[in-house]
2 protein chains.
Amino acid sequence: MAQDFFCLHSDLCKTLASEKRQRILGALRDEELTVSQIVTATGMTQANTSQHLSILRAKGVVNARRDGSNIRYSIANPKIIQAFDLITEVMQETLDAQRGVVDGIVEPADGRIVTKA
Amino acid sequence: MAQDFFCLHSDLCKTLASEKRQRILGALRDEELTVSQIVTATGMTQANTSQHLSILRAKGVVNARRDGSNIRYSIANPKIIQAFDLITEVMQETLDAQRGVVDGIVEPADGRIVTKA
DNA sequence: TGAATACATTCACATATCTGAATGTCTGCA
DNA sequence: TGCAGACATTCAGATATGTGAATGTATTCA
């Protein structure tokens with residue numbers, strides 16, 4: 001694997017790993033939206049929304065097309081939604097596991113790594 | 001969707017969005033490894049490896065079990081690998097698209113958003 | 001019990017990222 | 001051409017994150 005593979009990979013991950021940008025992607029999940037609509041949907045300020053859209057655009061995560069005085073954004077690659085959903089599943093399963101739900105086994109809540117038989 | 005959903009979600013993403021942690025996950029991809037083995041595989045220092053393993057452990061991304069004087073790490077949920085691979089695909093397709101490969105259409109290289117017919 | 005190995009943690013500092021405020025640019029319309 | 005609406009960008013301060021150095025803890029073995 002190329003030496004900078006992980007760098008590119010984590011770079012894309014970093015782009016996705018922002019609460020605000022996730023909110024934007026959540027809003028764009030099913031439809032193309034203008035910036036104003038994204039602002040309304042996310043409750044963020046216009047300037048901050050633009051900043052994050054700029055980052056998403058630069059990384060090729062979203063597409064932008066001008067439509068009159070509006071600019072309409074959409075998610076560039078449907079696999080991003082798939083990845084998003086996969087992370088959601090992992091998150092849910094991890095939360096369950098941390099609650100000790102699986103097999104009814106409860107691990108020590110502190111960070112200790114215990115010795116097992 | 002719950003208000004802190006995106007927070008939890010991006011939190012997990014942030015955990016994955018580190019070049020070093022990705023290198024660790026890459027090493028753990030197919031096998032359980034001791035810390036020493038991870039250090040060798042990644043070329044990172046022992047202390048730094050431990051720091052990142054600690055973060056991965058805290059977020060439930062990896063499992064740790066003691067085996068004698070060693071501690072063996074493994075990836076907690078195979079879906080993390082799936083997500084990893086999905087991101088890889090998106091990354092590859094985005095790079096191709098940015099090179100203007102798709103449909104032979106080359107977009108302006110600067111950040112401009114042009115008006116289309 | 002003491003030394004050695006394997007690993008974890010803490011601290012202080014450097015670096016990156018996020019944010020709001022202010023301002024700039026583009027488009028449509030009068 | 002001038003104004004208004006829609007959106008982007010820049011800047012500076014705040015906050016978060018990553019890093020090496022030093023040190024601590026647990027386990028094995030003599």
Side-chain angles (χ1 to χ4, degrees), chain A residues 6-7 10-24 27-28 32-59 61-74 108 110-117, chain B residues 6-7 10-24 27-28 32-59 61-74 108 110-117:
Chain A
F6 291 115
C7 200
S10 68
D11 204 46
L12 178 52
C13 273
K14 275 197 195 95
T15 306
L16 304 177
S18 145
E19 189 205 334
K20 302 233 175 149
R21 289 194 287 277
Q22 298 242 352
R23 270 155 67 181
I24 291 175
L28 290 175
E32 190 187 45
L33 295 176
T34 67
V35 177
S36 308
Q37 290 173 316
I38 296 170
V39 167
T40 303
T42 60
M44 294 159 56
T45 67
Q46 179 268 316
N48 199 209
T49 301
S50 262
Q51 288 168 342
H52 285 292
L53 284 172
S54 163
I55 293 167
L56 290 169
R57 233 188 316 126
K59 300 295 179 180
V61 175
V62 299
N63 289 327
R65 68 180 182 90
R66 183 174 282 283
D67 178 18
S69 64
N70 290 314
I71 294 184
R72 300 189 182 274
Y73 280 89
S74 56
D110 55 31
R112 277 184 309 133
I113 299 166
V114 294
T115 299
K116 295 222 188 121
Chain B
F6 290 115
C7 200
S10 69
D11 204 47
L12 178 52
C13 272
K14 275 198 195 95
T15 306
L16 304 177
S18 146
E19 189 205 334
K20 301 234 176 149
R21 289 194 286 277
Q22 298 240 354
R23 270 154 69 180
I24 292 175
L28 289 175
E32 190 186 45
L33 295 176
T34 66
V35 177
S36 309
Q37 290 173 316
I38 295 171
V39 167
T40 303
T42 60
M44 295 160 54
T45 67
Q46 180 268 316
N48 199 211
T49 301
S50 261
Q51 287 167 342
H52 286 291
L53 284 171
S54 162
I55 293 168
L56 290 168
R57 234 189 314 127
K59 301 296 180 178
V61 174
V62 299
N63 289 326
R65 70 181 181 88
R66 182 174 282 284
D67 178 18
S69 65
N70 291 314
I71 294 183
R72 300 188 182 275
Y73 281 89
S74 56
D110 54 31
R112 276 183 311 133
I113 300 167
V114 294
T115 300
K116 297 228 190 114

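Residue numbers start from 1 in every chain, and the chains themselves are labelled A, B, ... in the order their sequence lines are given, proteins ahead of strands.
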Should Lys20(A) and Gln51(A) count as side-chain neighbours, where that means a heavy-atom distance under 4.5 Å?
-> no
Of the listed nucleotides dA8(D), dC18(C), dA26(D), the one nearest the side chain of Ile55(A) = dC18(C)
Quickly work out the His52(B) NE2 to dG18(D) P distance and round it to whole Å.
-> 6 Å
Are any non-hydrogen side-chain atoms of Ile24(A) and Met44(A) less than 4.5 angstrom apart?
-> yes
dA8(D), dG20(C), dA6(C): which one has an atom nearest the side-chain heavy atoms of Asn48(A)?
-> dG20(C)
Please give, in whole Å, the distance from dC7(C) P to Arg57(B) CZ?
-> 12 Å
Look at Ser69(B) and dT27(D) and indicate whether a side-chain polar atom (N or O) is within less than 4.0 Å of OP1 or OP2.
-> no
Determine whether any donor atom in the side chain of Gln46(A) lies under 3.5 Å from an acceptor atom in the base of dA6(D), or the reverse, and answer yes or no.
-> no
Go through dC26(C), dT19(D), dC7(C) for me and flag the one nearest to the Arg66(A) side chain.
-> dC26(C)
Does any N or O donor sit under 3.5 Å from an N or O acceptor when you compare the side chain of Gln51(A) with the base of dA8(D)?
-> no
Under 4.0 Å between any heavy atoms, over every strand shown, what does Thr34(B) touch: base, sugar-phosphate, or nothing? Just pick one.
-> sugar-phosphate
Using heavy atoms to find the nearest nucleotide of DNA chain C for Ala47(B) and Ala47(A) separately, return the residue whose nucleotide is more 5′.
-> Ala47(B)
Check whether any side-chain heavy atom of Thr15(A) sits under 4.5 Å from a side-chain heavy atom of Leu56(A), and report yes or no.
-> yes
Interatomic distance, Lys20(A) NZ vs dT17(C) C1' [rounded to whole Å] = 12 Å
Could you tell me whether the side chain of Thr40(A) and the main chain of Ser36(A) form a donor-acceptor pair under 3.5 Å?
-> yes
If each of Thr45(A) and Asp11(A) is mapped to the nucleotide of DNA chain C with the nearest heavy atom, which maps nearer the 5' terminus, i.e. the 5' end?
-> Asp11(A)
May I ask you to evaluate whether Tyr73(B) reaches the phosphate of dA6(C), defined as a side-chain N or O under 4.0 Å from OP1 or OP2?
-> no
Could you give the CZ-to-P distance, from Arg65(B) to dA8(C), as a whole number of Å?
-> 14 Å
So what does Ser54(B) touch, heavy atoms closer than 4.0 Å: a base, only the sugar-phosphate, or nothing?
-> sugar-phosphate
Nearest-Å distance for atom pair CD/C1', residues Glu19(A) and dT17(D) | 17 Å
Give Arg21(B) one of three labels, base, sugar-phosphate or nothing, depending on what nucleic acid heavy atoms sit under 4.0 Å from its own.
-> sugar-phosphate
Return the 5'-most residue of the pair Asn70(A), Lys14(A) with respect to DNA chain D, ranking by each residue's nearest nucleotide.
-> Asn70(A)
Quick one: does His52(A)'s side chain get under 4.5 Å of Asn48(A)'s, heavy atoms only?
-> yes
Taken to the nearest whole Å, NZ/Lys59(B) to P/dT17(D) is 9 Å
Whole angstrom value for the distance that separates P of dC7(D) from CG of Asp67(A) = 10 Å
Check: Leu16(B) main-chain N/O paired with Gln22(B) side-chain donor or acceptor under 3.5 Å | yes
Given atom CZ of Arg72(B) and atom C1' of dA6(C), what is their separation to the nearest angstrom?
-> 12 Å
